[in-house]
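Encoded as structure tokens, the structure appears first; notes follow it.
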Amino acid sequence: MKHAEHAPTIRRAARGLLSVVIPCHNEEAVIAATHERLLAVLPGTAMDFEILYIDDGSRDGTLARLESIAGRDPRALVLELARNFGQQAAMSAGLAHARGDAVVILDADLQDPPEVIPEMVRRWREGVDVAYGRRRSREGETAFKLVTASLFHRFFASLMPYKVPVDTGDFKLLDRAVVDAVCALPEKRRYLRSLVPWAGFRHEPVWYDRQARMAGETKYSARRLLALAADAVMISSDAPVRLTWLCSLGLAAIGFGATLVAAWPRATAADSQTGISLAALIAVATLVGAAQTMAVAIVGEYVVRTYREAQGRPTWVVRRTINGQGAVLPALTNDSRAA
Ligand code: UDP
Ligand code: MG
């Protein structure tokens, strides 16, 4: 009976529509090759398909290349965002516009090999709702990135009250029901790596070797990665606020101990003989001050995020769609043209 939870419960239809969602920001060097690779692989899934390119405010020739791809191939849809809204927004826009029974999210730079998609589709047909790419190895990344990413994934997963897979990026196949559930969430600031696991459903890994970027450069500097990591934690977890509790308890314990020592006559006598150094006083005062400031700052981060959500600005704005018909999912059609 133990294996029952892994046994497939649904057998999905042989055909159906597969959407591939690709966020693109300054990917002129690679985008044509990405399309070619997909055209070579997708017929092997025996599904009809559409490929949705989301141009996330590229400043190079990406958009021109996408226009030319879409001009030749009606299965290529282009969603041109009005500026650079960030990868999370671009992927969310793609999910809202995808029409498929299953939707794959893929990076533009071929780090996620499209050849893995047929295996994801196979798992989906067997009844898996989220077939996520899990990295067996990662080529072309610095040792620093490998270590920090691995540590962050584990730290992040440990904070979440639901199961979040590690060594996993955005490369995954989602069933229509999962896409609908995620897109129906009203929150504007979206971190898909926690939203998709939040929805639940049946998740299974598909192991693969992550490639080096085929061409072009990463869009994430160390600073941007750090900001993304902080944002991911803040929008998905209450743990930082809880940390300030721990901090205050620790300080209270120290204060309590110090009070006892001070109340002990002999100790006080010793103190008055030697005197307490000014440096020690400053050290204690600044440490306590720092702890208090940190607590205020952490609460402030949540206040800012609450304010942003209250403003209710859309996650992205669409300037133009090519070969598309507007968003499918009303909850996230926060662009006026698609509504
Ligand atoms: N991307 C995007 N908007 C951004 C930054 C990145 O749409 O503001 C896209 C980018 O074109 C790529 C994917 O997100 O398809 C992942 O970006 P990148 O390869 O630079 O990240 P890395 O793989 O280095 O973590
Ligand atoms: Mg990449």
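Atoms within a ligand are numbered from 1 in the order they appear, just like the ligands themselves.
Side-chain contact of D112 with Y208: a donor-acceptor pair under 3.5 Å is present, judged by distance alone. Side-chain contact of R154 with S158: a donor-acceptor pair under 3.5 Å is absent, judged by distance alone. For the 3.5 Å distance criterion, the side chains of Q111 and R213 fail to qualify, holding no donor opposite an acceptor. No side-chain donor from either of E27 and T62 sits under 3.5 Å from a side-chain acceptor of the other. Side-chain atoms of D73 and H35 include a donor-acceptor pair closer than 3.5 Å.
Residue contact annotation: T218 places no N/O/S atom under 2.8 Å from the Mg ion (ligand 2).
With hydrogens left out, the protein atom closest to atom 9 (C) of ligand 1 is P23 O, 3.6 Å, a heavy atom. Atom 16 (C) of ligand 1 has as its closest protein heavy atom D107 OD2, 3.4 Å. The protein heavy-atom contact nearest to atom 23 (O) of ligand 1 is Q111 OE1, 2.6 Å. Of all protein heavy atoms, the one closest to atom 22 (P) of ligand 1 is T218 OG1, 3.7 Å. Protein heavy atom at the shortest distance from atom 17 (O) of ligand 1 is Y220 CE1, 3.8 Å. The protein non-hydrogen atom at the shortest distance from atom 12 (C) of ligand 1 is E27 OE2, 3.4 Å. For atom 4 (C) of ligand 1, the closest non-hydrogen atom of the protein is D56 OD2, 3.5 Å.
Take the N/O/S atoms of D109: the one nearest the Mg ion (ligand 2) is OD2.
Ring pair H203/Y132 is tilted by interplanar angle, where 30° to 60° counts as tilted.
Distances below 4.0 Å separate heavy atoms of N84 from the following atoms of ligand 1: 3 (N), 4 (C), 8 (O). Atoms of ligand 1 lying under 4.0 Å from at least one heavy atom of C24, given by number and element, are 7 (O), 11 (O).
Taking the six-membered ring for Trp, F156 and Y191 have ring centres closer than 6.0 Å.
Among R138, K145, K219, the residue whose heavy atom lies nearest to atom 25 (O) of ligand 1 is K145. Nearest-heavy-atom check against atom 19 (O) of ligand 1 across I54, D109, L106 picks out D109.
At a 4.0 Å heavy-atom cut-off, ligand 1 touches A108 through backbone and side chain alike.
Here CD of Q88 is found 10.5 Å from CZ of R189. Values are rounded to the nearest 0.5 Å.
Stacking of R224 on the aromatic ring of Y220 is recorded, both the 6.0 Å distance cut-off and the 45° axial limit being met.
Placement of I322 and Y53 within a single hydrophobic cluster is found when ILVMFWY residues are connected by side-chain heavy-atom separations under 4.5 Å, directly or transitively. Under the 4.5 Å side-chain heavy-atom criterion for ILVMFWY residues, no single connected hydrophobic cluster contains both V116 and M214.
Within the structure, ligand 1 has R210 among the residues with a heavy atom less than 4.0 angstrom away. Using 4.0 Å as the threshold, R213 has a heavy atom nearer than that to some atom of ligand 1.
For ligand 1, the polar-atom distance check finds an N/O of R224 within less than 3.5 Å of one of the ligand's N/O atoms.
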